[in-house]
Amino acid sequence: MADSEQSVRHPLFPPSSISFPSHLWEAPPLLAVPANLTPRLLDHALNALHACGGARVVRQVSGACSAALRQTAALNMTELVVRTLPSPSAAQGPGPDAYKGWLFKWTNYLKGYQRRWFVLSNGLLSYYRTQAEMAHTCRGTITLATVHIEMGDTCHFVLTSGGRSYHLKAYSEGECQRWVSALQQAKANATQMMPHSDDSGDEGPLAQPDRALIQGALKTLASKLEDLNTCNELIGKHGAALQRSLSELEDLRAASDGVDKLKTVNERATLFRITSNAMINVSFNGAEGTPEGESSEENEDIEFFDAMEDSPAFITVPADDHSQHSRGSLSSNWSQDDNVSLGFSFSLCLQDGSGCYLRRGRRRRIPDKPNYSLNLWSIMKNCIGKELSKIPMPVNFNEPLSMLQRLTEDLEYSELLDRAAHCDSSLEQMCLVAAFSVSSYSTTVHRTGKPFNPLLGETYELDRVEEYGYRSICEQISHHPPAAAHHVISQRGWTLWQEITIDSKFRGKYISIMPLGNIHLKFHASGNHYVWSKVTSTVHNIIVGKLWIDQSGDIIIMNHRNKDKCHLKFSPYSYFSRDVPRKVTGVVMDSEGCAHYILSGTWDDKMESAKIIESSHGSGGSEGKQKTVYQTLPPKLLWKKYPLPENAENMHYFSSLALTLNEPEDGVAPTDSRLRPDQRLMEAGLWDEANTEKQILEERQRLERRKREAQANLALEEGKEAESYQPLWFDKRTDTESGESSYVYKGGYWEAKDRQDWSQCPAIF
């Protein structure tokens, strides 16, 4: 063991972050198994280890193995630290009862029997979707020592153990008989190996092969426990320091103190973020598989897409140190400090250096979501093929926000645009704009609830000038099809506007939401005008299974001033793909088509950029296509998702911004979404009353539509031109640069708010 005072790098943390005494992570030369750790408890650890394939103890650990972890934590485990986990095959070869092959397993009434690969070994029967899955994902395991084997009809048999039953079918009667014989022999062997307790409670010795596997499981559990304890201590230390700094920040009185205190808070927040991320990495090390990381058993019937056939047309390789020094680095606008501070930032708003003020206090929670059950299939079975906006849905499937508020939520990471406004290079600016376009999807990963469809003429304002420097106004300009116009102006050098029409289809197993229309962004200083559109959102497992959402498609961001372009690709989730789920890749090119930056990341976590210093054509493509090989500098962080608030799972998984969107405010227009009664009732947890109010509002809107249609028909009969609905705050205009015709803000809303003159607003609520 090294000297305890020697400082070394901890393997969980990135370079140049934190140093630890070496005794916290160096492995001892020997492993000792506590004498009072019972064989039954060790058997549980063995079963859990085998069920996860030996590589994912932390992610797929069973309840029994959790009990083993708690027991080992109570014992003296300080001498049980190791760095790696040997696989079961390395510890012990196949036992005499080993048997494997294809069987048909009953899944559910929709899919019936499905072909699965079963492996019988060491008294356990495990199954996988394919043989290739044996290397990483086990779908389920049943212990044969206590199993009941029951023969059914031809080629059919049932295994029951501990309340779990496997209904299995073989290809032929002979194959069925061979499986049953192998299972019965394995059960007999497992029963003989079971420890038998006498009245004193002492249990017999373990077989040597079992002890080898158990030791491997205990090594991993002890290693993870030690790492988690270390991280836990550091999180407590850095969290306390961060809390002290925040308290000091609240007591500020002079602007001169603000800069120093702000620097201290950011440094401590960075340490806290790094430590927290390290703990998360330890807890979920090696986790792969399903989109949400749940156990594979629960996702047996989830629908997945196949991997896209067209792989990226480029390959990136990092440059060596010599290339980095000879080619130079990114501009000062993209310093490492900027990248680190993105992950966990606290900002103090300063006014021209003459004084300071803290952000206005916003609410941090809403009432917990009630646990109401409702049969979705009874509502949706007659709606297949219809537009989602025309299906009468109870609020049970909604979230207490309108579509206008969801559009406004795109501004969650507006600081990316603030940084982009100060970029001297349009290509660097394009990278930040691309990161902003991806960041708008990060809030959707858990948000499977449907936002309220706004009433015609409904508006929503968000005034965050004091905190973030921008003002936002939305208006519903059409009801069928649903369309909204949005305008944001920032004092920090940019203006954003968009007109979005929602096209959605229910396809039986999933719902597709296709936003139509473009988003425009213009920077005041440079005049750079960026235009892009949104990708398709898909909500899966509408009828059976757990709801999950995916984003797929391509985004082309065009700078209409100098023709710079960025191509982003959102890869659809595929169970069979080895890529990271929710992957996004992109290339930033100039007007000549020359690539300058590679973008990579995931739409639910972060985006990075890597500057290209050299490119060449290789032969790695399929069908004779050549792939471009880019040599890049090390990637730099553009954007990192903020952690969700505490108790978010009971608050519709709202982000910190989303929690404030429906917060009541004085002085807003009478058409504002905050004043919609059914939405307010739903947020308060009064869902029955909300459903009643929703029906009243929708019926009133139908009557208004019939009146407009009757007036239009009367005008046509009289030979006059029928007047169409005109939005109150937006006009249809043609953009001079892009040539696109869309609804843009015509002004007047904020002036009317200052005067509190809402006489033009219709009474829609």
Side-chain angles (χ1 to χ4, degrees), residues 359-360 362-363 366 398-418 436-444 447 449-478 482-492 494-502 513 515 517-521 532-534 537 641-642 644-645 651-665 667-669 671-676 679-680 682-683 727-730 742-745 749-750 753:
R359 293 180 181 177
R360 170 188 168 184
R362 306 282 179 182
R363 70 179 184 180
I366 59 175
N398 284 51
E399 62 178 18
L401 291 178
S402 73
M403 180 57 72
L404 302 181
Q405 291 165 313
R406 285 292 293 268
L407 273 181
T408 306
E409 205 175 340
D410 288 356
L411 301 172
E412 177 97 31
Y413 298 94
S414 63
E415 68 269 15
L416 290 171
L417 302 184
D418 299 340
F436 174 78
S437 69
V438 174
S439 70
S440 63
Y441 297 98
S442 65
T443 61
T444 67
R447 303 269 292 278
K450 176 182 178 292
F452 279 80
N453 194 23
L455 304 177
L456 188 62
E458 187 173 331
T459 61
Y460 180 73
E461 68 156 79
L462 189 68
D463 189 343
R464 292 290 191 267
V465 170
E466 291 185 356
E467 298 99 320
Y468 304 110
Y470 66 77
R471 276 179 165 180
S472 166
I473 176 65
C474 291
E475 182 178 2
Q476 187 77 359
I477 58 176
S478 172
H486 183 205
H487 181 269
V488 190
I489 186 167
S490 172
Q491 296 177 347
R492 301 179 183 177
W494 52 270
T495 300
L496 181 145
W497 67 97
Q498 59 180 321
E499 178 193 336
I500 297 295
T501 301
I502 302 298
I513 300 102
N518 290 327
I519 303 169
H520 295 255
L521 173 66
W532 70 93
S533 57
K534 290 179 174 287
S537 301
K641 180 185 176 182
Y642 298 143
L644 289 175
M651 299 186 295
H652 309 274
Y653 286 100
F654 281 178
S655 65
S656 297
L657 175 63
L659 288 174
T660 68
L661 293 180
N662 207 41
E663 185 176 8
E665 290 192 15
V668 299
T671 53
D672 196 274
S673 298
R674 298 176 180 88
L675 305 177
R676 181 166 173 161
Q679 189 172 303
R680 295 233 65 89
M682 184 196 175
E683 182 183 278
L728 188 57
W729 309 110
F730 289 81
S742 61
Y743 280 92
V744 296
Y745 179 59
Y749 178 87
W750 301 109
K753 182 180 181 181

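On a predicted model such as this, the values are computed, not experimentally measured, just so you know.
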ask   = Hey, does Glu409 have a side-chain heavy atom less than 4.5 Å from the side chain of Leu661?
value = yes

ask   = Which atoms form the tightest heavy-atom contact between His486 and Ser472, and what is the distance?
value = NE2-OG, 2.7 Å

request  = Give a yes or no on whether a salt bridge exists between Glu683 and Arg363, defined as a side-chain N under 4.0 angstrom from a carboxylate O.
outcome  = yes

inquiry  = Between Arg406 and Glu399 (salt bridge meaning N to carboxylate O under 4.0 Å), is one present in this structure?
reply    = yes

request  = Give a yes or no on whether a salt bridge exists between Glu415 and Arg492, defined as a side-chain N under 4.0 angstrom from a carboxylate O.
outcome  = no

inquiry  = Are Trp497 and His487, when compared by the centres of their aromatic rings, separated by less than 6.0 Å?
reply    = no

request  = Report yes or no: is the cationic atom of Lys534 (NZ for Lys, CZ for Arg) closer than 6.0 Å to the six-membered ring centre of Tyr441, at no more than 45° off its axis?
outcome  = yes

inquiry  = Does the plane of the ring in Trp494 sit parallel, tilted or perpendicular to the ring in Tyr470? Use 30° and 60° as the thresholds.
reply    = tilted

task = Output, in order, the C-alpha distance, side-chain angles, deciding distance and verdict of side chain to side chain contact (heavy atoms under 4.5 Å, CB included) for Leu401 and Phe654.
result = CA-CA 10 Å; Leu401 291 178; Phe654 281 178; 3.7 Å; yes

message = Can you tell me how far apart CG (Leu417) and CZ (Phe436) are? Round to the nearest 0.5 Å.
response = 4.5 Å

query = If you measure from the Lys or Arg side-chain nitrogens to the Asp or Glu carboxylate oxygens, is any gap between Glu663 and Arg674 under 4.0 Å?
reply = no

Thr408 side-chain N/O to Leu404 backbone N/O, donor-acceptor pair under 3.5 Å = yes

